[in-house]
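Any value given below was found using the heavy atoms of this structure, including those in side chains, with hydrogens, waters and symmetry copies removed. The structure presented is a predicted model; accordingly, all values stated were derived computationally and were not measured. Here is the naming used below: chain letters follow the sequence lines, and residue numbers restart at 1 for every chain.
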2 protein chains.
Amino acid sequence: MNSETVATRLRGAGLRPTRQRLALAEILFGAGDRHITAEQLHAEAVAARVPVSLATVYNTLNQFTGAGLLREVAIEGDRTYFDTNTSNHYHYYVEREGRLFDIASDELTIKGLPEPPPGMEVGRIDIIVRLKARQS
Amino acid sequence: MNSETVATRLRGAGLRPTRQRLALAEILFGAGDRHITAEQLHAEAVAARVPVSLATVYNTLNQFTGAGLLREVAIEGDRTYFDTNTSNHYHYYVEREGRLFDIASDELTIKGLPEPPPGMEVGRIDIIVRLKARQS
DNA sequence: ATTTGTGCAAATCGTTTGCATCTGA
DNA sequence: TCAGATGCAAACGATTTGCACAAAT
């Protein structure tokens with residue numbers, strides 16, 4: 001994705017394409033699907049000579065998430081992961097390494113989900129498949 | 001579950017059945033399956049005239065979890081939920097209210113889960129079905 | 001007697017916010 | 001020009017930890 005497209009995308013989301021937002025979007029969306037924490041993104045930005053404060057990284061991630069450009073992934077534990085793939089999909093999680101990645105299959109379906117309680121409807125379904133090193 | 005059983009269970013887990021642990025276990029396991037945060041448990045304990053510090057509640061919850069008496073449920077957001085039902089099951093989560101409860105079905109199965117990456121094996125699978133008030 | 005648990009307050013850590021200063025349109 | 005964005009540091013809220021005291025074996 002080139003920066004023009006990114007700028008367009010940001011504008012479309014009602015966000016001004018500022019220096020920092022463009023740079024962060026470039027890092028986030030420029031290399032396939034990513035699962036990243038605020039801290040990691042901040043480190044990459046600084047490494048890429050894009051000085052940006054951690055606070056702005058947080059703000060930007062939240063804005064992007066609100067705009068539907070990112071999706072938050074709930075993992076127990078302290079830090080929050082942001083996923084650049086906002087389509088319907090599920091995750092593998094390697095606890096030992098804190099590594100998170102997509103389940104490469106859209107075949108995955110759930111069977112036997114009961115009717116939700118009255119007056120409620122099902123929104124998103126999150127699935128985390130926890131992996132561990134095989135021991136045997 | 002009476003306190004004698006609880007004491008036995010704690011001992012079996014290598015934990016001394018102290019006053020506070022017994023009281024907390026009583027609250028946790030004495031009334032069916034529960035999904036509770038440290039703060040909530042602390043409030044209940046205090047209300048039940050069992051003075052216990054929040055720090056001890058945290059320590060106890062973590063010890064119980066380590067001993068397999070509780071299970072941690074990953075919900076995005078700040079607080080951690082502990083589930084007294086450690087068997088294989090999944091959850092509904094009402095975002096608006098921060099309410100978490102079991103999916104009443106063991107029929108629920110996953111179809112199409114691809115082979116895990118080489119050297120890895122599947123551990124636990126977490127499923128959160130997010131509910132929202134029906135709008136229509 | 002010894003080991004382990006508890007309480008309190010202080011320390012951590014991720015994340016958010018207030019406010020003065022910049023910047024994009 | 002001027003609403004909106006950024007940076008910094010301070011504020012925050014959940015959770016953990018250090019240490020002196022108390023309780024369990």
Side-chain angles (χ1 to χ4, degrees), chain A residues 3-4 6-27 35-43 45-46 48-67 69-70 72-82 98 100, chain B residues 3-4 6-27 35-43 45-46 48-67 69-70 72-82 98 100:
Chain A
S3 47
E4 195 174 299
V6 172
T8 304
R9 243 178 119 174
L10 292 185
R11 258 188 270 271
L15 298 172
R16 273 198 202 165
T18 64
R19 251 189 257 306
Q20 301 60 350
R21 296 216 264 233
L22 284 171
L24 294 177
E26 208 66 65
I27 296 174
H35 303 83
I36 200 170
T37 64
E39 201 91 39
Q40 288 167 0
L41 179 55
H42 181 243
V46 170
R49 298 162 168 283
V50 180
V52 62
S53 74
L54 184 56
T56 296
V57 169
Y58 273 106
N59 290 335
T60 303
L61 285 171
N62 287 331
Q63 288 153 177
F64 282 15
T65 301
L69 269 41
L70 290 176
E72 221 169 320
V73 182
I75 300 291
E76 104 235 317
D78 22 32
R79 49 195 70 140
T80 303
Y81 284 82
F82 292 87
L100 186 71
Chain B
S3 47
E4 194 175 299
V6 171
T8 305
R9 244 178 117 174
L10 292 185
R11 258 188 269 270
L15 298 171
R16 276 194 198 167
T18 64
R19 251 189 256 308
Q20 306 50 356
R21 296 217 265 235
L22 283 171
L24 293 177
E26 209 65 64
I27 296 174
H35 302 84
I36 202 170
T37 65
E39 200 91 37
Q40 288 167 0
L41 179 56
H42 181 244
V46 170
R49 297 163 167 283
V50 180
V52 60
S53 73
L54 185 55
T56 296
V57 170
Y58 273 107
N59 291 336
T60 302
L61 285 171
N62 287 331
Q63 288 154 178
F64 282 15
T65 301
L69 269 41
L70 290 176
E72 222 170 318
V73 182
I75 299 290
E76 104 235 316
D78 19 33
R79 50 193 70 130
T80 303
Y81 284 83
F82 292 87
L100 185 71

Which nucleotide wins on minimum distance to the side chain of [X], given the candidates [options]?
| X | options | answer |
| --- | --- | --- |
| A/A38 | D/dT6, C/dT15, D/dT15 | C/dT15 |
| B/T56 | D/dT15, C/dG7, C/dG14 | C/dG7 |
| B/S53 | C/dT15, D/dT15, C/dC8 | C/dC8 |
| B/V52 | C/dG7, C/dT15, D/dT15 | C/dG7 |
| A/A55 | C/dC8, D/dA14, C/dT17 | C/dT17 |
| B/R16 | D/dT15, C/dT3, C/dA25 | C/dT3 |
| B/T18 | D/dT15, C/dG5, D/dT6 | C/dG5 |
| B/R21 | C/dT23, C/dT4, D/dT15 | C/dT4 |
| A/L54 | C/dT15, C/dA25, D/dT15 | C/dT15 |

inquiry  = Using a 4.0 Å heavy-atom cut-off, does A/T37 contact any base of the nucleic acid, only the sugar-phosphate backbone, or nothing at all?
reply    = nothing

request  = Could you work out the separation of C/dT15 and C/dA11 based on their P atoms and round it to a whole Å?
outcome  = 23 Å

Calculate the interatomic distance between [X] atom [atom1] and [N] atom [atom2]; express it in whole Å.
| X | N | atom1 | atom2 | result |
| --- | --- | --- | --- | --- |
| A/F82 | C/dG14 | CZ | P | 14 Å |
| B/E39 | D/dT15 | CD | P | 8 Å |
| A/R19 | C/dA25 | CZ | C1' | 14 Å |
| B/L22 | C/dT6 | CG | P | 10 Å |
| B/E76 | C/dT15 | CD | C1' | 14 Å |
| A/Y58 | C/dG18 | OH | C1' | 18 Å |
| A/D78 | C/dT15 | CG | C1' | 11 Å |
| A/I75 | C/dG14 | CD1 | P | 16 Å |

[X] vs [Y] side-chain heavy atoms within contact, under 4.5 Å:
| X | Y | result |
| --- | --- | --- |
| B/T65 | B/F82 | yes |
| A/L69 | A/L10 | yes |
| B/Q63 | B/R21 | yes |

query = Any side-chain N or O of A/T80 less than 4.0 Å from the OP1 or OP2 oxygen of C/dG14?
reply = no

Show the nearest heavy-atom pair for residues [X] and [Y], with the distance to one decimal.
| X | Y | answer |
| --- | --- | --- |
| A/A23 | A/V50 | CB-CG1, 3.4 Å |
| A/I75 | B/A74 | C-CB, 3.8 Å |
| B/A67 | B/L15 | CB-CD1, 4.4 Å |
| B/L54 | B/A38 | CD1-O, 4.1 Å |

inquiry  = Assuming nearest nucleotide by heavy-atom distance, tell me which of B/R79 and B/P17 is located more 5' along DNA chain D.
reply    = B/R79

note = Numerically ordered, the residues 59-67 of chain B set in heavy-atom contact under 4.0 Å with DNA chain C is none

query = Donor-acceptor pair, B/H42 side chain versus B/V57 backbone, under 3.5 Å?
reply = no

